[in-house]
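Atoms considered below: every heavy atom in the structure, side chains included; atoms not considered: hydrogens, waters and symmetry mates.
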Amino acid sequence: MPELPEVEVTCQGVLPHLLERTVLAVHSSGKSLRQPIPQELLRSCLCNKTICTVERRAKYILIRFTGKDVLIIHLGMTGKLGIFSQATAAARHDHLVLTLDNTMELRYNDVRRFGSVAVWPADQAEELEQVFLARQGIEPLGAAFDGKQLHQLAHNCTVPMKKFLMDSRRISGIGNIYANEILFAAGIHPVCPANSLSLEQWQEVAGCTVHILNKAIAAGGSTISDFLGASGQPGYFQLQLAVYGKKGEACPGCGEEIVKEVVGGRATFFCPECQQEVQR
DNA sequence: CGGCGCACCTGAGTGC
DNA sequence: TGCACTCAGGTGCGCC
């Protein structure tokens, strides 16, 4: 389920249930995610440790423990985190369960197993910062994010805008749905080369990015209060989408038909009228 | 190095 | 009801 807003909403949703909680036990399904779940390492690093913060970086959820060990979870395409009572029956595709000291459990469920679970032991805290976190793209909701920075980032880069926005090594957190929505909002054609945009256009793209991501988080945030049991689907399920999945429907801006094409190997929706390919 | 295609996995939906 | 086929919101690998 995750693009940045969904991961952020998940973080905010589990946060109040995890703070100050101590992990008593770790169980995994035995099935491999992107990489095998390191059950023994999880046990030795996390059992009897207390959670002190939960934060998001890019599309990763970082659960930090006293003693500096860090559990890192990526939701892949279909990963979900939820808080359940021990009495709640396990669901199909539950792959990791952390038993907490208040009779509740944190459960990671992932149908397609494209997600990942990793632990960075305290003695590797340095590497976590310098190798892993430093490798992530810029944060769209970070203080430094603006059109000027994107303009510089796109210098000499000929890839289509759609791919540029979705490249997590450059910008973190934007997936297929929001890339479509951002380009529509900014009036940019998805195949437009990244280095062909003016500074003004990049400022527009930056502004739309922040606006759309924040709107999606706010919409998903309405589900946070009942996050127990990992009910509803936060994020884009709550957000009014303008073009994604709307092939053949009327553009909300001009009424022209939304078209679908494949760009960078993924379904791409746009309005051929509002998003002109040729730049003037 | 930049960019492309594909593989990883399961399930939902569609058309016959 | 069943079967074959396509598609899905992410990432990283091998290849040119």
Distance in angstrom units between A:Ile61 CD1 and C:dG10 P, rounded:
14 Å

Separation of B:dG2 atom P from A:Asn156 atom CG, nearest Å, is 10 Å

What is the separation between atom NZ on A:Lys80 and atom P on B:dG11, rounded to the nearest whole Å?
12 Å

Here the distance between atom C1' of C:dG12 and atom CE of A:Met166, to the nearest Å, is 14 Å

B:dG5 and C:dC7: how far apart are their P atoms, nearest whole angstrom?
16 Å

Using the benzene-type ring in the case of Trp, are the ring centres of A:Tyr60 and A:Trp120 under 6.0 Å apart?
no

Measuring from the side chain of A:His74 (C-beta onward, heavy atoms only), which nucleotide among B:dG3, C:dT11, C:dA8 has the closest atom?
C:dT11

Using a cut-off of strictly less than 4.0 Å, decide whether A:Lys59 has a side-chain nitrogen or oxygen near OP1 or OP2 of C:dG10.
yes

Output one line per pair: protein atom, nucleotide atom from nucleotides 7-10 of chain B, and distance, for all N/O pairs under 3.5 Å.
unit_1 : atom_1 : unit_2   : atom_2 : d
B:dC9  : O3'    : A:Arg113 : NH2    : 3.0
B:dC9  : O2     : A:Arg112 : NE     : 2.9
B:dT10 : OP1    : A:Arg113 : NH2    : 2.8

Would a single hydrophobic cluster contain both A:Ile83 and A:Phe65, if residues Ile, Leu, Val, Met, Phe, Trp and Tyr are joined by side-chain heavy-atom contacts under 4.5 Å?
yes

What is the separation between atom CZ on A:Arg170 and atom P on B:dG2, rounded to the nearest whole Å?
7 Å

Just call it for A:Gly175: base, sugar-phosphate, or nothing, with non-hydrogen atoms closer than 4.0 Å on any strand.
sugar-phosphate

Tell me yes or no: between the side chains of A:Thr66 and A:Lys49, is some donor less than 3.5 Å from an acceptor?
no

Less than 4.5 Å apart, any side-chain heavy atom of A:Leu153 and any of A:Ile138?
yes

Examine the side chains of A:Ser28 and A:Gln39 and answer whether a donor and an acceptor come within less than 3.5 Å of each other.
yes

Looking only at C:dG12, B:dG3, C:dG10, the nucleotide nearest the A:Tyr60 side chain is C:dG12

Nucleotide C:dG10, atom P - distance to NZ of A:Lys163 in whole Å
13 Å

A:Thr158 near the nucleic acid: base, sugar-phosphate alone, or nothing, with a heavy-atom cut-off under 4.0 Å?
sugar-phosphate

Test of ring centre spacing under 6.0 Å for A:Tyr244 and A:Tyr178:
no

In whole angstrom, give the distance that lies between atom CG of A:Asp110 and atom C1' of C:dG10.
11 Å

What's the closest nucleotide to the A:Met77 side chain, out of B:dC4, C:dT11, C:dG10?
C:dG10

Return the nucleotide paired to C:dT6: Watson-Crick means purine N1 to pyrimidine N3 with N6-O4 or O6-N4, wobble means G-U with N1-O2 and O6-N3, both under 3.5 Å.
B:dA12

May I ask you to say whether A:Glu6 pairs ionically with A:Lys59, meaning some side-chain N is under 4.0 Å from a carboxylate O?
no

Round to a whole Å and report the spacing from CZ of A:Arg135 to C1' of C:dC13.
14 Å

